[in-house]
Structures are given as C-alpha cells and as structure tokens.
*Asks:* 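The structure under discussion is supplied below as structure tokens; questions concerning it will follow.
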Amino acid sequence: MSLKFSDEATSKLEVLYGRYPSKQPVILAALHLAQKEFGDLRDEVIELVGSTLDLSVAHVYGVATFYTMFRRQSGGTNTLRVCTNVACMLRGGYEVLRSFESKLGLKVGESNADFSLVEEECIAACANAPAVVCGTKYFLDVTPEMVSEIVDYLKANPHPESEVA
Amino acid sequence: MPAEIGTMLVTRAFGDEANKNITSYEEKGGYKIARQAMAMTPDQIVEQVKASNLRGRGGAGFPTGLKWSFVPKGAEDVHLVVNCDESEPGTCKDRELVYWDPHLLLEGMIIAAHALGAVHNYIYIRGEMMKEYGVLVKAVEEAYARGYLGERAMGTGNRPCHITVHRGAGAYICGEETALLNSLEGLRGQPRLKPPFPAIKGLFGRPTVVNNVETLMNVPFIIDKGGQWFADLGVGRSGGTRTVCVSGHVERPGVYELPMTITFRQLIDEICGGVWKGRKVKGLIPGGTSMPPLDASELDVPVEFDALMTDERIRPVEIAAGVPFDMGGGRQLRTMAGSGGIVVFDDQTDVVKLCSRIMGFYHHESCGQCTPCREGTGWLDKICKRLAAGKGKEGDVELLGQIANGIAGNTICALGEAAAWPMLGFLTKFRSDFESRCTIKKGAAA
Ligand SMILES: Cc1cc2nc3c(=O)[nH]c(=O)nc-3n(C[C@H](O)[C@H](O)[C@H](O)COP(=O)(O)O)c2cc1C
Ligand code: SF4
Ligand code: FES
C-alpha cells in the first residue's frame with residue numbers, strides 16, 4: 001500500500017504552496033511533516049514527498065540527506081541534542097554528554113524507544129552553557145548531576161521534534 | 001554622545017513574557033513607527049538608514065543602508081530575507097531577540113520591505129529553534145490578523161507585504177547568505193559563487209537583501225528617532241549599540257546590549273563579574289569562533305567593528321612566526337567583531353584542545369564543494385586532534401600554518417576563512433602551547 005499524507009498535512013502544504021513561486025521551496029516543510037507522520041524518511045517516504053511536490057526522487061533524496069535533522073531510520077521519541085561546542089565544552093559539556101550516555105545506556109548517535117542521543121553543535125544558548133535541547137524544551141546550565149532528573153522528566157513529558165512540524 | 005551602559009533598544013523586552021503578544025506590543029506604541037514609515041518614500045528611509053551608520057550584525061559588519069541601495073531602482077519582485085539561522089559557535093543573541101520581541105523584527109521588516117519595494121519576504125529560522133519558530137509563526141499570524149501584513153499591508157490600500165517563516169533542518173552552512181537562498185529555494189544548502197551578488201540576483205533569481213535579525217530590529221528606532229540620533233549612539237562609522245553574547249569562564253555569562261565603546265576588559269570585569277573561580281583570563285574569542293582570538297594583553301580594545309580590525313594594540317595574525325598574513329593588498333588581519341559571540345577562557349584552559357574543537361566543527365560543517373575547504377579543514381582537524389592528544393610531530397605547527405594559509409581566499413564562501421583565520425590566530429597568539437605538543441621526531445613511528 002502506498003503512503004499518503006494526512007488531510008491535516010495536505011492542507012498545511014496547500015497553504016505553503018501559495019507562499020512561493022513553485023512547490024520546490026516547500027520541500028523542507030514537507031520533509032518535516034513527513035518525518036512527523038511516518039517517523040523517518042525511508043525510501044517510500046522520499047517517493048511520497050517527490051510525487052507530492054512534483055520533484056524527482058533523486059532531488060528529494062539529495063536534500064533529505066544534506067540536513068542533519070532528517071533521519072532515514074526511526075529513532076527515539078525524544079531527540080536529546082547535547083551541545084559540546086566551545087562555550088559548552090569550557091563549562092563541562094562533555095561531562096554532561098558522558099553522563100547522558102551512562103544514564104541512558106546509549107552511545108552518541110544511538111537510540112532506544114524513548115531517546116535518540118545526539119552530540120550537537122552550538123545551539124545558540126552559549127550564555128547558559130552547557131546547554132541541551134529536546135524539541136521545544138531547553139535545559140540550561142546543565143550539570144552531570146541534573147541528567148537523571150532530565151531523563152525522568154522527558155520520559156514523563158515527551159518533547160518530540162515533530163511537535164512543531 | 002555615545003550610548004551609556006543601560007541603553008536598551010533591541011533587548012528592551014528581555015524578560016517580559018507578555019511582550020510577544022501583539023496587544024501588549026501595540027500598547028507600548030508598537031507598529032506606530034511602521035505606519036509613519038509608510039508616509040516616507042523608499043529613498044527617504046534608505047537615506048536615514050545610511051545616515052545611521054547601522055552595520056550588519058550577522059558577521060561581516062557591512063553598512064546596511066549601502067547594502068539596500070545596491071538593489072536596482074524600480075526593480076520588481078524584490079525579496080527581503082531575514083537570516084535567523086544563528087549557529088556560529090558562541091553566538092546566542094538572535095534566538096533570544098526573536099523569542100522576546102518578535103513583533104519588533106516584523107516591524108523592522110515591514111519598514112525595510114517598503115524601502116526595498118519587497119513583497120514576498122521570508123524569515124529563515126534554524127530548524128533546531130523549535131520554540132522560537134512557534135513564537136514567530138504566532139506573531140506573523142497576529143500581524144496578518146491586524147492588517148499589518150497582507151495584500152494591503154498597514155492599511156495603505158495598495159501595498160502588499162507578506163512574511164513567511166521558513167524552517168531550516170540542521171546545517172550551519174545555511175547561515176551563509178547564498179547557501180541560505182539555495183536552501184530556501186528547496187535545494188541542498190550549498191553556497192553560490194559571487195558575483196552575481198544577491199542584491200542583483202538572489203532568491204528565485206530576483207534582487208534580494210539578506211539581513212540578520214538584530215540588524216532589522218534596529219531599523220524601527222532609526223526611523224523613529226532619526227539616522228543621526230542612531231549614529232550618535234555609536235562611534236565612528238558604527239552606529240547604535242552592540243548586542244554581545246558572553247560565554248565561557250566568566251561569573252555572569254549573558255546576552256548584553258552595550259555601548260560600542262565598551263572594552264573587553266570592562267565587559268569581563270564590570271558587566272560579567274570577572275573571571276570565574278578567581279582565575280585570570282588567558283584569552284577570548286571576540287566574535288564567534290571564526291574570528292582570530294585575542295590574548296590577555298589585548299583586552300583594552302573596544303568591541304566596535306573598526307577597532308577590532310585596525311587597533312594597533314591587537315597583534316596581527318601570522319602564517320609563520322614573523323610572517324604576517326596578507327588579506328590582500330598587504331592588509332593585515334587583526335580580528336573582527338563578527339557575530340558578537342565572545343567566548344572567554346581562563347588561564348587553566350588547554351587552548352590546543354579548544355582550537356581542535358573549533359577545527360572539528362568547521363570540518364564537520366564544510367559543504368564539500370571546494371577542495372581547499374573540504375580537504376583543508378579535514379587536515380586541520382586531524383592534525384589539531386593529534387596535538388590535543390599530545391601526539392604532535394615535529395613540524396606540525398608550520399604545517400597547520402601552511403594549510404590554513406592555503407585555504408584562505410581560495411574558496412567559494414567564507415567558511416574557508418572561518419576555519420583558517422582562527423587557526424592562524426591561535427597559532428599566532430598561543431604558539432608555544434602548540435609547539436610544546438609536537439614532541440614526536442620526524443620519521444619516528446607514531
Ligand atoms: C559560514 C557562514 C555562516 C554564517 N552564518 C550566519 C548566521 O547564522 N546568521 C547570520 O545572520 N549571518 C551569518 N553569516 C553571514 C551572512 O552570510 C550574511 O552576511 C548576513 O546574514 C548579512 O546580514 P547583515 O548584513 O545584516 O549582517 C554567515 C556567513 C558565513 C560565511
Ligand atoms: S568554502 Fe567550504 S563551505 Fe564554503 S562553499 Fe566551499 S566547501 Fe562549501
Ligand atoms: S556552544 Fe553550546 S550552546 Fe553555544
């Protein structure tokens with residue numbers, strides 16, 4: 001059975017088409033929506049986005065693989081993005097990352113049902129380093145001691161990135 | 001009179017949760033200035049912005065009024081694009097600015113769009129900024145509902161002005177303006193060769209102005225109080241205030257809007273409560289990680305754009321000990337104000353490790369189009385990593401200098417310089433830290 005966008009997603013896309021001279025610029029929004037609805041951007045999903053926007057599969061594939069937020073395989077409900085860039089590194093960002101690894105039993109880049117753990121570049125929260133973001137939720141001035149609490153909080157209150165697609 | 005500490009323009013709403021709401025923004029006079037601007041001619045607006053000495057807050061410090069005047073007169077289908085991709089390490093102002101005062105950005109955009117004759121305008125926001133995306137989308141909806149945006153924007157009768165918030169999806173390079181335009185067009189976010197410059201051929205092939213969030217948020221103040229007033233707040237050729245993001249080893253990191261005249265030393269000691277743990281400064285990154293660092297002897301220079309490029313108290317960057325780096329025409333590179341991201345590091349910092357983290361970043365973010373950048377950033381990353389691990393080889397310091405010099409000036413976009421400049425800067429200012437790591441003799445097994 002071939003995939004289909006939900007009616008809600010379809011109407012969101014319709015509105016966006018009106019904002020650009022062609023459908024092509026809507027591709028990032030369409031990929032965000034597709035990832036929300038299907039969990040990942042496996043081949044059938046790429047094909048769906050292509051046929052919806054009248055773009056070749058090669059084009060959609062090329063774009064989808066350029067941007068780090070798109071994933072070809074499903075991940076955890078929460079994507080934990082832990083910054084280790086300079087401002088965070090100087091105030092213990094790597095210790096925080098190691099602490100997430102041991103608390104979750106995951107290495108950077110790995111996922112379980114609840115979490116994907118990502119080592120992130122600067123997330124523009126440097127004045128509150130080390131910083132972690134999960135969907136719309138920021139965790140600021142994080143210490144390794146806070147990691148357990150953050151994980152428990154997110155298990156009880158998931159913040160999937162698809163929230164805003 | 002230059003601005004005093006405490007003068008707040010773009011950061012005036014920080015901490016005021018209600019301000020995001022259009023009613024509350026209007027109660028404080030919001031959108032009145034945009035209405036006044038509709039009674040001005042586009043030329044009059046551009047003249048005020050020119051007179052204001054407003055310079056781009058996105059990184060290059062380019063004069064905004066001049067940039068606007070490059071759009072051909074009478075051109076149709078002009079676009080204004082806001083760069084809200086903020087991802088230069090150490091920079092965290094635009095995210096806060098749009099979160100606290102989204103309508104100020106929209107008001108600045110409406111004025112700029114009128115000056116440029118732009119109809120379809122876009123805010124390109126970094127994909128990871130999900131909370132701020134929600135704030136912007138809501139603000140835009142409110143502005144449409146009030147008639148400030150739409151086919152008859154600001155109730156003018158015949159002047160359309162549209163704003164669309166466009167989400168990225170994770171790629172530092174999309175902050176570079178031509179990569180951003182490609183990304184907006186639905187392509188991979190790879191920079192374009194210039195010329196043509198965006199003002200002539202930009203988004204969808206039309207004349208386009210790309211401006212940073214903070215740049216545009218200053219525009220309503222200029223129109224309200226006049227270009228001269230704004231110029232007088234600053235010094236020399238830099239008008240207004242400067243919003244800096246201070247991070248790293250200070251007691252009170254934060255986003256601070258300050259007079260251009262403030263020095264790094266005052267900033268650290270008086271604004272940020274000094275270096276943490278009672279330590280001393282070893283150095284700092286003055287404007288995002290792509291700018292050459294300053295050492296502890298160079299802190300009495302103000303944060304202003306021209307000072308950082310020309311003040312002789314800042315030692316010029318070298319390729320090798322005693323050999324100055326030539327920016328073209330014999331011009332020396334000291335440093336630049338960049339994005340306003342100031343990262344302070346204390347005297348116990350391993351600067352080789354710090355520099356290595358920066359090179360790892362640029363290697364990771366290189367889009368791969370140009371060989372000097374793609375390969376060169378990889379080599380810098382690899383060599384810095386081995387130095388950081390204490391496994392540097394004799395000659396590595398010279399090699400790093402040569403590679404960085406080979407990247408700078410030989411690439412499509414400035415990401416090449418963004419990697420090469422700090423590399424050369426770290427080597428110039430902290431050479432002995434690097435040399436002490438190069439202990440393995442040439443030819444010896446690693
Ligand atoms: C690699 C690279 C990344 C950049 N990232 C950003 C960014 O995240 N935000 C930004 O405003 N400008 C960024 N810039 C600068 C933009 O190309 C452009 O100069 C700026 O948005 C123009 O706006 P302004 O004149 O108002 O500063 C970047 C430049 C380069 C070379
Ligand atoms: S300099 Fe680097 S990032 Fe810029 S276009 Fe070339 S390869 Fe891409
Ligand atoms: S360096 Fe971590 S948020 Fe900027």
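The figures that follow rest on heavy atoms only: side chains count, while hydrogens, waters and symmetry mates do not. Since this is a predicted model, take the numbers as computed values, not measurements.
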*Asks:* Quick check for you: to the nearest 0.5 Å, what is the distance between B:F361 atom CZ and A:N85 atom CG?
*Replies:* 6.0 Å
*Asks:* Counting N and O atoms only, with roles assigned by atom type, does the side chain of A:R91 sit under 3.5 Å from a partner on the main chain of B:G248, one being a donor and the other an acceptor?
*Replies:* yes
*Asks:* Against chain A, label B:L203 side chain, backbone, both or neither, depending on which of its atoms sit under 4.5 Å from a heavy atom there.
*Replies:* neither
*Asks:* Any side-chain heavy-atom pair from A:V133 and B:K131 closer than 4.5 angstrom?
*Replies:* no
*Asks:* Examine whether an atom of B:V250 lies under 4.5 Å from a heavy atom of chain A, and if so say whether it belongs to the side chain, the backbone or both; otherwise answer neither.
*Replies:* backbone
*Asks:* Which of residues 15-27 of chain A have a heavy atom under 4.5 Å from any heavy atom of chain B?
*Replies:* A:R19, A:Y20, A:P21, A:Q24, A:P25, A:I27
*Asks:* Taking every non-hydrogen pair under 4.5 Å, which of B:G90, B:G189, B:G134, B:G254 racks up the most with chain A?
*Replies:* B:G189
*Asks:* Would you confirm whether A:H32, through its side chain, and B:G168, through its main-chain N or O, come within 3.5 Å as a donor-acceptor pair?
*Replies:* yes
*Asks:* For B:T164, is it the side chain, the backbone, both or neither that has a heavy atom under 4.5 Å from a heavy atom of chain A?
*Replies:* both
*Asks:* Looking only at heavy atoms and a cut-off of under 4.5 Å, which of B:H162, B:R126, B:E86 has the most pairs with chain A?
*Replies:* B:R126
*Asks:* With a 4.5 angstrom heavy-atom cut-off, could you sort out which part of A:A125 is near chain B: side chain, backbone, both or neither?
*Replies:* both
*Asks:* Hey, which of B:C245, B:P253, B:G127, B:G170 has the most heavy atom pairs under 4.5 Å with chain A?
*Replies:* B:G170
*Asks:* Side chain, backbone, both or neither: which part of A:E163 has a non-hydrogen atom closer than 4.5 Å to chain B?
*Replies:* neither
*Asks:* Counting distance only, does the side-chain N/O of B:R357 pair as donor-acceptor with the main-chain N or O of A:V86 below 3.5 Å?
*Replies:* no
*Asks:* So B:T91 and A:C126, side chain to side chain contact (heavy atoms under 4.5 Å, CB included) or not? Walk me through it.
*Replies:* CA-CA 7 Å; B:T91 317; A:C126 327; 5.7 Å; no
*Asks:* Pick whichever of B:A169, B:C92, B:G186 has the most heavy-atom pairs under 4.5 Å with chain A.
*Replies:* B:A169
*Asks:* Sort by residue number and list every member of residues 53-69 of chain A having a non-hydrogen atom under 4.5 Å from chain B.
*Replies:* A:H59, A:G62, A:V63, A:T65, A:F66, A:Y67, A:T68, A:M69
